[in-house]
Amino acid sequence: MTANALDKTPVTLLGLGAMGTALARTWLAAGHPLTVWNRTAARADGLAAEGAAVAATAAEAVAANRLVIVCLLDDDSVGAALDGADLTGKDVVNLTTTTPAQARERAAWATARGARYLDGGIMAVPPMIGVPETGGYVFHSGSPELFEEHRETLAVPAGARFVGADPGHAALHDVALLSAMYGMFAGAAHAFALIRKESIDPAGFAPLLTEWLTAMAAPHVSQTADQLGSGDYTTNVVSNLGMQTAGVPAFLATAEQQGVSPELLLPYFGLMRRRLAEGSPQEDLTGVVDLLLR
Ligand code: NDP
């Protein structure tokens with residue numbers, strides 16, 4: 001152990017898949033003493049050569065250090081790995097992707113076993129881990145005391161953002177951002193399909209699409225947030241619901257003419273039309289949010 005390592009919080013890490021291994025390397029590189037465990041032991045060989053201590057069981061790895069990071073496949077694997085480990089006095093940070101409900105249940109489960117608990121949602125892929133300029137980060141929620149105490153250590157692999165004491169909120173933020181991303185991917189797929197059979201080069205079209213999505217995203221998102229906050233969907237409206245809904249037939253006719261299925265767009269257009277029927281043509285598109293709530 002180097003002198004530097006004496007100043008660094010020792011870390012236990014359960015799970016050496018693609019993500020766990022990337023996380024592990026950053027703590028080792030930053031000089032944190034690291035104990036690792038993986039169900040398939042051979043996956044720890046490379047890290048052992050780089051200086052990690054390898055525990056034979058998850059319980060042994062948990063016993064080694066107070067701060068225990070978990071990055072396994074899913075909530076079931078977390079339950080399987082921690083079953084039988086003594087969590088008394090441990091600080092458990094679970095970076096495994098789960099639902100908000102699973103995160104809350106796991107928090108109650110860990111707390112009942114004497115641990116402090118923080119849940120995490122990783123907004124990065126393994127190549128972004130340990131590379132701050134890629135902008136990757138991790139949402140954390142749960143014990144504020146745990147987060148404050150270990151903030152520096154947690155920020156070693158990627159930025160650490162605390163989103164509240166509710167342990168389900170990290171997973172919820174994670175899924176909310178990814179859900180919006182899939183909506184954007186759906187729009188991009190439709191746009192590429194529209195030009196697919198024409199003499200338009202997708203490579204030349206791509207920067208136009210990126211530029212447009214980028215220009216539209218920030219004003220739309222902040223306007224929606226402002227209107228949800230105020231409850232007034234008619235202030236500062238630039239392109240109102242009546243006008244935008246009147247444009248729907250042109251979008252559907254163009255799809256038809258280009259031989260493109262409108263199936264990705266129809267659900268959203270349907271919601272716009274329903275809101276127009278129930279609301280006011282002067283509104284923004286914000287009312288669609290309310291229609292989604294059951
Ligand atoms: P991998 O599939 O590469 O690794 C899965 C890990 O879970 C392995 O360590 C595996 O062990 C372990 N595991 C699976 N089932 C069990 C079990 N029943 N008991 C004990 N251990 C088990 O996944 P990643 O490392 O990529 O992902 C880990 C977590 O990080 C996931 O929740 C994922 O959603 C999340 N994440 C991943 C991202 C990515 O791009 N990779 C991005 C953001 C989040 P073994 O080696 O023995 O199979």
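We count ligands from 1, going down the list as the structure has it; atoms in each ligand are counted the same way. Note that the numbering runs from 1 along the sequence shown for the chain.
- The single protein non-hydrogen atom nearest to atom 29 (C) of ligand 1 is L72 O, 3.2 Å, given as residue, atom name and distance.
- With T21 contributing its side chain and L16 its backbone, the two residues share a donor-acceptor pair below 3.5 Å.
- In this comparison of A80, S77, G136, the heavy atom closest to atom 22 (C) of ligand 1 sits on S77.
- Nearest protein heavy-atom contact of atom 33 (C) of ligand 1 is T97 OG1, 3.5 Å.
- In the vicinity of V125, heavy-atom distances shorter than 4.0 Å reach the ligand 1 atoms 40 (O).
- If you check which protein heavy atom lies closest to atom 40 (O) of ligand 1, you get P126 CD, 3.2 Å.
- For R43, every heavy-atom contact with ligand 1 shorter than 4.0 Å involves the side chain, none the backbone.
- With hydrogens and angles disregarded, no donor-acceptor distance shorter than 3.5 Å links the side chain of H32 to the backbone of K8.
- Apart from V260 itself, the hydrophobic cluster it occupies contains L194, where clustering links Ile, Leu, Val, Met, Phe, Trp and Tyr at side-chain heavy-atom distances under 4.5 Å.
- Here the heavy atom of the protein found nearest to atom 18 (N) of ligand 1 is R39 NH1, 3.4 Å.
- For atom 24 (P) of ligand 1, the nearest non-hydrogen atom of the protein is M19 N, 3.7 Å.
- At under 3.5 Å, not a single nitrogen or oxygen of L95, backbone or side chain, sits near a nitrogen or oxygen of ligand 1.
- Each of T26, I69, L95 was scored for a side-chain contact (heavy atoms from CB on, under 4.5 Å) with P157, with one residue passing: T26.
- For atom 11 (O) of ligand 1, the nearest non-hydrogen atom of the protein is N38 OD1, 3.7 Å.
- The distance between the ring centers of F162 and H140 does not fall below 6.0 angstrom.
- Within the listing of ligand 1, atoms 28 (C), 29 (C), 30 (O) sit less than 4.0 angstrom from a heavy atom of C71.
- Here the side chains of V92 and V70 are in contact, with some heavy-atom distance below 4.5 Å.
- Side chain of S141 to backbone of A170: a donor-acceptor contact under 3.5 angstrom is found.
- The shortest contact between atom 42 (C) of ligand 1 and any protein heavy atom is with A124 O, 3.0 Å.
- With sequence neighbours excluded, the residues satisfying side-chain hydrogen bond (donor to acceptor under 3.5 Å, both in side chains) with N94 are T96, Y117.
- With a 4.0 Å heavy-atom cut-off, ligand 1 is reached by the backbone of L16 but not by any atom from C-beta on.
- Taking every non-hydrogen atom of I122 and a distance limit under 4.0 Å, the qualifying atoms of ligand 1 come out as 43 (C), 44 (C).
- Note: R66 CZ to H150 NE2 = 5.5 Å, rounded to the nearest 0.5 Å.
- Between T88 and R113, every side-chain heavy-atom pair lies at or beyond the 4.5 Å cut-off.
- Among all non-hydrogen protein atoms, the one lying nearest atom 14 (C) of ligand 1 is L73 CB, 3.6 Å.
- Between T96 and ligand 1, no pair of N/O atoms sits closer than 3.5 Å.
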